[in-house]
Amino acid sequence: MIGRALLIWSSAIVIAVNVPTIIGLPKKQEPTAAMQAHVTDASAPVERSYVVKANAEGHFEGRFRLNGKPIAAIVDTGATFVTLNETAARNLGYGGNELRFRYDVTTANGKVKAARITLKSVEIGTVQVRNVDALVIRDKSLKATLIGMSFMKKLGSYRADNDELKLIN
């Protein structure tokens, strides 16, 4: 019984393989170079980059989005943290108990008190970094928002070349 089943299955396979040739169907063509598809690794991370141009004073200034809200800021690699003034922080929704000015920090203008917060996101162009530590300083001590190293260190890389700063993540 098993022998007969094997014989029938073997015959069926031989017939299935040879029928296309017997009835004259064209053979399968090997793909030519022009026919071959370009395959890329879909799991490979996409490099996102943005170029910040220097302003007239030579500072790299751009329109960032902090927690999704647009704000003009200057990239300052000498600043340990992203730093914003109290008004900007309140416009982003930080206030009340979140702004405890209990940290002593030294700025270019001297020693001041600062509050520490965590920004959900800092973005410019297609470059985005999440959970960025930041400091909030009273308005009289800080006029412009600074994008410091707490953002820059989370990037894949960055480089300055002449009047351009390329941010890559």
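The first residue in the sequence is number 1, and the count goes up from there. Remember, predicted model here, so these are calculated numbers, not experimental data.
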Checklist entry - Would M152 and V129 count as a side-chain contact (heavy atoms from CB on, under 4.5 Å) if you check the C-alpha gap in whole Å, the side-chain angles of each, and the deciding distance to 0.1 Å? => result CA-CA 9 Å; M152 301 296 283; V129 174; over 6 Å; no
Checklist entry - Step by step, would you call K113 with D104 a salt bridge (charged side-chain N to carboxylate O under 4.0 Å, His left out)? => result CA-CA 5 Å; K113 290 283 191 187; D104 291 318; 2.9 Å; yes
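- No option in K143, R138, K140, R100 other than R138 meets the salt bridge (Lys or Arg N to Asp or Glu O under 4.0 Å) test with E86.
- Between L66 and T145, the closest side-chain pair of non-hydrogen atoms falls below 4.5 Å.
- Minimum heavy-atom separation, T106 to K111: OG1-CG, 3.8 Å.
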Item to check | Trace of the side-chain contact (heavy atoms from CB on, under 4.5 Å) decision for V127 with I168 | outcome: CA-CA 7 Å; V127 173; I168 303 167; over 6 Å; no
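- I124 CD1 to I147 CD1: the interatomic distance, rounded to the nearest 0.5 Å, is 8.0 Å.
- A single hydrophobic cluster is seen to contain both V132 and V52, as judged by linkage of ILVMFWY side chains at heavy-atom distances under 4.5 Å, directly or through other members.
- Taken from CG in L119 to NZ in K69, the straight-line distance is 12.0 Å, to the nearest 0.5 Å.
- If you check the side chains of Y94 and N67, you find a donor sitting under 3.5 Å from an acceptor.
- Going from atom CZ of F81 over to atom OG1 of T118 covers 9.5 Å, rounded to the nearest 0.5 Å.
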Next on the checklist: Go through it in stages, so that I can follow the logic: the residues are V112 and V105, the test is side-chain contact (heavy atoms from CB on, under 4.5 Å), and I'd like the CA-CA distance, side-chain angles, deciding distance and then a yes or no.
Outcome noted: CA-CA 6 Å; V112 296; V105 296; 3.5 Å; yes
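- Closest approach of G95 to R90, counting heavy atoms only: CA-NH1, 3.2 Å.
- When hydrophobic clusters are built by joining Ile, Leu, Val, Met, Phe, Trp and Tyr residues whose side-chain heavy atoms come closer than 4.5 Å, directly or via intermediates, V136 is grouped together with F64.
- Looking only at distances, a side-chain donor or acceptor of D76 sits under 3.5 Å from a matching main-chain atom of G78.
- Atom-to-atom distance recorded for L92:CG and I71:CD1 is 6.0 Å, nearest 0.5 angstrom.
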Item to check | Residues F60, D163; criterion side-chain contact (heavy atoms from CB on, under 4.5 Å); working and verdict | outcome: CA-CA 8 Å; F60 295 110; D163 290 340; 5.5 Å; no
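- Taking OH of Y158 as the reference point, atom CE of M149 lies at 3.5 Å (rounded to 0.5 Å).
- When every heavy atom of E98 is checked against every heavy atom of I117, the shortest pair comes out as O-CG2, 4.1 Å.
- L84 and I74 fall into different hydrophobic clusters, defined by Ile, Leu, Val, Met, Phe, Trp and Tyr side-chain heavy atoms under 4.5 Å apart, directly or through other members.
- Residue pairs that meet the salt bridge (Lys or Arg N to Asp or Glu O under 4.0 Å) test with at least one member in residues 120-136, sequence neighbours left out, are R65-E123, R116-D133.
- Of all heavy-atom pairs between S121 and G68, the closest is OG-N, 4.0 Å.
- Remark: the T87 side chain and the D139 side chain contain an N/O donor-acceptor pair separated by less than 3.5 Å.
- A72 and R63 make their closest contact through N-NH1, 3.2 Å (heavy atoms, listed as atom of the first residue, atom of the second, distance).
- L146 and L165 fall into different hydrophobic clusters, where Ile, Leu, Val, Met, Phe, Trp and Tyr residues are linked whenever their side-chain heavy atoms come under 4.5 Å apart, directly or through other members.
- How far CG of L135 is from CG of N85: 12.5 Å, rounded to the nearest 0.5 Å.
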